[in-house]
Protein chains: 2
Amino acid sequence: MPEPAVKLRDVARQAGVHPATASRALNPDTRLLVSEDTANRVLAAAAELGYQPDAVARSLRTRRSHTIGVLIPDLNNPLFPPIVRGLEDRLEADGYVALIGNTDGDDARERRVFEQMRARHVDGYVLATAHLRNPLLTEAIRAGVPVVLMNRIAADNSLPSVTVDNELGVRMAVSHLTSLGHRDIACIAGPQDVSTGLARYRGFRAGMAAAGLDVPAGRLAFARAFSIEEGHRCLRQILADGQPCTAVAAGNDMLAVGCYLALDEAGLSCPADMSVVGFNDMPFINMLRPPLTTLAFSHYQVGTEAARLLLERLNGSAGPAKVLYLTPELIIRGSTAPPATLTGRPAQGGAG
Amino acid sequence: MPEPAVKLRDVARQAGVHPATASRALNPDTRLLVSEDTANRVLAAAAELGYQPDAVARSLRTRRSHTIGVLIPDLNNPLFPPIVRGLEDRLEADGYVALIGNTDGDDARERRVFEQMRARHVDGYVLATAHLRNPLLTEAIRAGVPVVLMNRIAADNSLPSVTVDNELGVRMAVSHLTSLGHRDIACIAGPQDVSTGLARYRGFRAGMAAAGLDVPAGRLAFARAFSIEEGHRCLRQILADGQPCTAVAAGNDMLAVGCYLALDEAGLSCPADMSVVGFNDMPFINMLRPPLTTLAFSHYQVGTEAARLLLERLNGSAGPAKVLYLTPELIIRGSTAPPATLTGRPAQGGAG
DNA sequence: AGGCTCAGGGCAAACGATTGCATCAACGGT
DNA sequence: ACCGTTGATGCAATCGTTTGCCCTGAGCCT
């Protein structure tokens with residue numbers, strides 16, 4: 001037998017006032033409109049009855065739901081849960097809750113989820129799925145709903161965003177490889193229609209150019225998704241028909257894991273035959289065989305900062321969009337070592 | 001400038017009917033109440049204007065939100081995302097969306113999230129966080145909201161649940177170890193106030209008893225959480241003051257990963273010095289050093305089945321609670337091998 | 001032809017909270 | 001003593017949809 005929920009009306013009756021008065025007493029912003037005495041009576045009644053306001057009714061009337069829509073491209077990627085956690089923690093502090101949607105990188109699904117959220121009156125969106133140009137973005141803007149981008153950013157920096165400095169990161173990775181003595185370095189770039197894929201690829205070219213190294217087409221592959229399978233496929237392709245190489249820079253850690261599979265399959269070992277470097281330092285990546293050299297940043301912080309940016313908008317600040325870049329840190333682990341031509345010598349040579 | 005959303009009223013005006021009629025025409029269940037001709041006019045108008053019903057208003061009126069609250073103890077555990085995915089996929093097929101909440105195993109936080117969801121009129125809950133006796137459960141039941149448990153189950157099987165056969169799984173693991181020749185087997189049990197922790201510990205004792213083996217206290221440790229840190233702590237404790245052993249059965253994969261850390265720290269190697277077996281076969285666990293022997297089951301299916309059970313309830317079926325047990329499969333990988341006393345001999349001995 | 005049924009569709013009342021406006025008492029100033 | 005002011009509270013409309021009820025007109029039977 002369902003227990004009847006306690007309503008504002010009940011609190012009002014118990015306190016001997018009109019529901020409107022009770023409403024005002026309960027809302028901190030309007031509490032000063034009622035006498036302190038009445039306010040206390042209402043508060044006491046609410047506490048005693050265990051009153052919880054009906055978020056749905058409130059949302060219908062106020063047009064605010066205190067709910068934020070969060071779109072994640074792939075929740076199975078361990079990179080995202082810590083980000084989501086950061087978001088939730090920060091949002092909760094301001095009384096918002098996150099509605100999380102998984103899109104699988106599928107546009108149709110993304111649209112469905114987006115509409116669902118809209119119908120539920122979300123007050124804002126945090127998107128980790130943004131393509132460089134995304135129809136959803138303009139649509140949300142037009143509807144007047146604040147949007148913040150996470151991890152990926154938009155083509156024109158027109159939206160508040162928080163991301164790691166991808167280009168810098170990959171330049172650091174390339175510089176690490178060249179300082180180990182590598183000269184023939186392959187690249188498995190991520191999808192070029194999202195900012196992370198593009199910026200990291202740019203970073204790769206910039207890093208190679210700075211070192212005076214060439215990037216022949218045979219040492220370059222573009223993944224269609226940031227997935228293990230695509231990493232596997234791309235490195236296999238490079239190994240099959242590309243120029244020989246001694247190291248590979250992968251667009252992210254998932255692609256790097258795919259590289260491990262391709263190396264196993266080809267009977268090559270990492271780092272003896274080929275060094276691998278990833279991006280993201282996602283959870284568990286330090287426990288792989290071998291532990292992956294990669295670029296780290298605080299995932300949790302990406303979430304909290306995105307939440308902060310969104311809350312700023314929700315609270316009315318309307319300045320130009322802030323784009324926040326976190327600085328990545330190179331974490332050197334067992335997957336990178338001097339190339340075989342150096343270690344092949346009797347000496348256990350490090351390179352300068 | 002925010003675009004005004006199109007409302008039922010607009011559709012009705014465009015079709016030349018009353019909003020009530022439009023509402024009936026739009027709802028498949030009541031469509032037969034209006035003439036086919038009118039229904040078509042309304043449908044056409046709705047399509048033309050791009051009408052999306054306001055979920056909030058509807059939910060206020062109908063007391064149904066088509067939203068399901070999902071409570072997850074730790075989204076950072078890669079076990080859960082595939083489960084959530086299964087849930088979402090199955091729920092979406094029936095027009096429901098999942099509201100996901102992370103509880104961090106924190107009771108207070110769990111309660112807050114639970115209340116939030118209640119205020120948002122969720123139609124049901126799927127809990128992966130259930131303690132063996134949980135005040136939230138009785139509370140939800142009393143409020144008349146259907147609840148399904150996932151992964152963990154309640155003490156008295158009074159609620160629809162889907163879980164893997166934990167006891168059987170660990171018996172299989174123990175039998176695997178004994179057949180390799182292990183006799184001194186340690187156990188790192190999970191928290192005993194959740195069903196998975198308890199059932200797996202029972203399975204361990206049952207398996208050992210069946211093999212006629214003893215379980216001295218010094219080879220037993222109880223983790224306070226299913227975390228890497230706790231696994232680390234527990235194995236370290238056993239190594240420090242326990243009887244010597246050649247294998248350890250961990251309460252889940254996270255605890256097993258913690259064991260890897262403790263072994264590294266003690267200068268022991270797996271599986272040469274100590275075999276390790278986990279539970280769950282969570283993503284990435286097959287890529288560790290060494291790949292972990294563990295018990296597998298379809299995580300995705302746990303999600304879909306839980307959704308199915310909940311949908312049954314939502315659609316009015318009121319029979320006794322079904323408890324669904326999935327059968328685990330032992331996946332033998334590199335973390336288990338015959339004990340050193342056997343492999344120490346020149347022959348590459350297998351054991352019967 | 002009159003009365004019945006019945007399909008089709010409009011009216012208005014919900015759902016529970018918020019909020020602009022009206023009311024009303026008390027009070028102070030002149 | 002009267003009037004304007006102010007502080008506290010009640011009234012009622014509103015958010016967008018659904019749904020019980022009633023009304024209307026057409027068709028049918030005797």
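Quick caveat: nothing in here was measured; it's all calculated off a predicted structure.
The interatomic distance linking A:Asp54 (CG) with C:dC15 (C1') rounds to 8 Å, in whole Å. In this structure, the CG atom of A:Leu26 is 10 Å from the P atom of C:dA17, given to the nearest Å. Rounded to whole Å, the distance from NE2 on B:His121 to P on C:dG16 is 7 Å. Remark: C1' of C:dG16 and CZ of A:Arg64 are 19 Å apart, rounded to the nearest angstrom. Whole-Å rounding puts the B:Asp37 CG to C:dA7 C1' distance at 14 Å. Rounded to a whole Å, the NE2 atom of B:His66 is 15 Å from the P atom of D:dT17. A:Lys7 places its NZ atom 12 Å from the P atom of C:dA14, with the value rounded to the nearest Å. For the pair B:Arg120 CZ and C:dC15 P, the computed distance is 22 Å after rounding to whole Å.
At the phosphate of D:dT17, OP1 or OP2 sits under 4.0 Å from a side-chain N or O atom of B:Tyr51. The side chain of B:Thr21 contributes an N or O atom lying less than 4.0 Å from OP1 or OP2 of C:dG10. Put simply, B:Ser23 has no side-chain N or O that comes within less than 4.0 Å of OP1 or OP2 on D:dT17. Remark: B:Arg58 is in phosphate contact with D:dT18, judged by side-chain N or O atoms under 4.0 Å from OP1 or OP2. When the side-chain nitrogen and oxygen atoms of B:Thr38 are compared with OP1 and OP2 of C:dG9, one or more of them lie within a distance under 4.0 Å.
Take the nearest nucleotide of DNA chain C for A:Asn27 and for A:Ala57: the residue whose nucleotide is more 5' is A:Ala57. Ranked by how close their nearest DNA chain C nucleotide is to the 5' end, B:Thr62 and B:Leu33 are led by B:Leu33.
Judged by distance alone, the side chains of B:Arg90 and B:Tyr300 never bring a donor and an acceptor atom under 3.5 Å apart. Counting only N and O atoms by type, the side chains of A:His121 and B:Asp54 include a donor and acceptor under 3.5 Å apart.
Across all strands, B:Ser59 comes closer than 4.0 Å to no nucleic acid atom at all (heavy-atom distances). Counting any heavy atom pair closer than 4.0 Å across all strands shown, A:Val17 reaches sugar-phosphate atoms only and no base atom. At the heavy-atom level, A:Arg24 lies under 4.0 Å from base atoms of the strands shown.
Each of D:dT17, C:dA12, C:dG16 was ranked by its minimum atom distance to the side chain of B:Leu8; first place goes to D:dT17. The A:Arg63 side chain lies nearest to D:dC15 when the options are D:dC15, D:dA12, C:dA17. Comparing D:dT19, D:dG16, C:dG9 by their closest approach to the side chain of B:Leu60 singles out D:dG16. Set against C:dG9, D:dC15, D:dT9, the side chain of B:Val34 has C:dG9 as its closest nucleotide.
The CG atom of B:Leu26 sits 11.5 Å away from the OG1 atom of B:Thr21 when rounded to the nearest 0.5 Å.
Below the 3.5 angstrom threshold, one finds a donor paired with an acceptor across the side chain of A:Arg61 and the base of C:dT18.
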Could you walk me through whether B:Arg112 and B:Glu115 satisfy the salt bridge (Lys or Arg N to Asp or Glu O under 4.0 Å) test, starting with their C-alpha distance in whole Å, then the side-chain angles of each, then the deciding distance to 0.1 Å, before giving a yes or no? CA-CA 5 Å; B:Arg112 272 205 310 281; B:Glu115 294 295 350; over 6 Å; no
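In this structure, B:Asp10 pairs ionically with B:Arg13, as a charged nitrogen and a carboxylate oxygen lie closer than 4.0 Å. Salt-bridge annotation for B:Arg111 and B:Asp107: absent, with no side-chain N of the basic residue lying under 4.0 Å from a carboxylate O of the acidic one.
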